[in-house]
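So the structure is just underneath, and the comments pick up after that.
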Amino acid sequence: MWPASPGRASNLTGINFFSNELTAKRLELLRELVPGATRVAVLVNPANATNTETTLRDVEPAARTMGLQLEVLKASTSREIDAAFATFGREHPDALFVGQDIFFNTRRVQLANMAARHAVPMTSGSRDLAEVGGLMSYGSNIADAHRQIGVYTGRILKGAKPADLPVVQSTKLELVINAQTARMLGLAVPPSLLATADEVIE
């Protein structure tokens, strides 16, 4: 989202990608796919204070409701990601919940490789992580969100005033399950999840 005009920060327009708002649902889906999980590591990027605060604010009460124990891990560099996974050797979590952050998206191959090395089910809000070997993702359909941005830009170029345009929610969500990763981890994907998944990667 962005301000409609300089000096009017209270007047916003744009597209809300609706990602952090799905934290609790993402954890619920993870629990459904990994029913035996009791300890979940949550990876956040301390360099992005807003996303970190939002993720922890939403995931902690959801975990309490489900009876899950959380361990918060922080990483804002590649080395810190390695250091976070190094803790798995001492206290192996049952699953890894990756907070929504563009940095983690750029390090998706590293995250997927480390998750595979430690045999830990990994979930995130980005389908990119599921495509490279993560167990699952649940979040906004980025292609659809980009299409909405194009529509918005077209309306402004045709003369619409940004201040008159409402904030649009990116409400097309997608659940992606990597069935190959599930088999490698010895997990059986419940039929209910297979039926609702937007894509199952074989």
Side-chain angles (χ1 to χ4, degrees), residues 17 19-20 22-23 25-49 51-52 54-56 58-59 63 68-143 173-190 193-194 197-202:
F17 277 58
S19 54
N20 285 325
L22 303 175
T23 296
K25 180 62 176 179
R26 196 174 300 131
L27 186 63
E28 179 184 325
L29 290 167
L30 175 63
R31 182 63 180 278
E32 188 174 351
L33 185 48
V34 191
T38 58
R39 298 177 63 255
V40 177
V42 179
L43 183 64
V44 293
N45 178 6
N48 190 333
N51 274 8
T52 294
T54 301
T55 297
L56 297 181
D58 293 343
V59 77
L68 297 174
Q69 299 174 23
L70 296 184
E71 179 184 1
V72 178
L73 304 175
K74 298 179 179 180
S76 55
T77 67
S78 176
R79 287 185 178 181
E80 289 177 351
I81 289 176
D82 287 341
F85 276 96
T87 67
F88 288 13
R90 299 189 299 271
E91 297 182 10
H92 196 285
D94 300 312
L96 172 63
F97 184 100
V98 179
Q100 191 73 6
D101 193 274
I102 188 62
F103 167 67
F104 294 144
N105 217 37
T106 65
R107 303 305 306 170
R108 58 189 177 274
V109 174
Q110 179 186 8
L111 288 167
N113 287 342
M114 295 298 285
R117 181 182 304 174
H118 291 275
V120 61
M122 180 177 68
T123 183
S124 76
S126 171
R127 67 172 294 125
D128 291 343
L129 270 76
E131 288 176 345
V132 296
L135 177 61
M136 67 179 291
S137 68
Y138 179 68
S140 296
N141 182 306
I142 300 302
L173 308 176
E174 60 180 357
L175 170 62
V176 178
I177 298 173
N178 191 317
Q180 183 179 33
T181 298
R183 287 192 294 271
M184 288 171 52
L185 294 168
L187 295 171
V189 182
L193 282 183
L194 288 174
D198 296 276
E199 183 176 349
V200 177
I201 299 173
E202 292 291 349

Which atoms form the tightest heavy-atom contact between [X] and [Y], and what is the distance?
| X | Y | value |
| --- | --- | --- |
| I177 | A197 | CD1-CB, 4.0 Å |
| L73 | A41 | CD1-CB, 3.9 Å |
| V176 | A130 | CG1-CB, 3.9 Å |
| L33 | A188 | CD1-O, 4.4 Å |
| G134 | A112 | N-CB, 4.3 Å |
| A182 | V189 | CB-CG2, 3.8 Å |

From [X] [atom1] over to [Y] [atom2], what is the distance, rounded to the nearest 0.5 angstrom?
| X | Y | atom1 | atom2 | result |
| --- | --- | --- | --- | --- |
| E71 | T87 | CD | OG1 | 5.0 Å |
| L129 | L111 | CG | CG | 5.5 Å |
| R26 | S124 | CZ | OG | 7.0 Å |
| L30 | M136 | CG | CE | 6.5 Å |
| L70 | L27 | CG | CG | 7.0 Å |
| N178 | E131 | CG | CD | 9.5 Å |

Compare all side-chain heavy atoms of [X] with those of [Y] and state whether any distance is below 4.5 angstrom.
| X | Y | value |
| --- | --- | --- |
| L29 | T123 | no |
| L96 | P121 | no |
| S76 | P46 | yes |
| V40 | P93 | no |
| Y138 | L22 | yes |

Between R31 and E28, is a salt bridge (Lys or Arg N to Asp or Glu O under 4.0 Å) present by the stated rule, with each step listed? CA-CA 5 Å; R31 182 63 180 278; E28 179 184 325; over 6 Å; no
Any ring-ring contact (aromatic ring centres under 6.0 Å, His included) pairs touching residues 92-125, not counting sequence neighbours? F85-H118, F88-H118
May I have the step-by-step check of side-chain contact (heavy atoms from CB on, under 4.5 Å) for D82 and Q110, ending in yes or no? CA-CA 9 Å; D82 287 341; Q110 179 186 8; 2.9 Å; yes
Quick one, N45 with N51, criterion side-chain contact (heavy atoms from CB on, under 4.5 Å). Give me CA distance, side-chain angles, the key distance, then yes/no. CA-CA 8 Å; N45 178 6; N51 274 8; over 6 Å; no
Partners of E80 by salt bridge (charged side-chain N to carboxylate O under 4.0 Å, His left out), sequence neighbours excluded?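 So E80 forms no salt bridge (charged side-chain N to carboxylate O under 4.0 Å, His left out) with any residue.
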Can you name the residues that form a salt bridge (charged side-chain N to carboxylate O under 4.0 Å, His left out) with E32, not counting sequence neighbours?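 Checked E32 against salt bridge (charged side-chain N to carboxylate O under 4.0 Å, His left out); zero matches.
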Residues two or more places apart in sequence or in another chain: which of them pass side chain to side chain donor-acceptor pair (under 3.5 Å) with D198?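 For D198 there are no side chain to side chain donor-acceptor pair (under 3.5 Å) partners, ignoring immediate neighbours.
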Sequence-distant partners of E199, side chain to side chain donor-acceptor pair (under 3.5 Å), two or more places apart: R127
Just grab all the salt bridge (Lys or Arg N to Asp or Glu O under 4.0 Å) pairs involving residues 93-115, residues at least two apart or on different chains. none
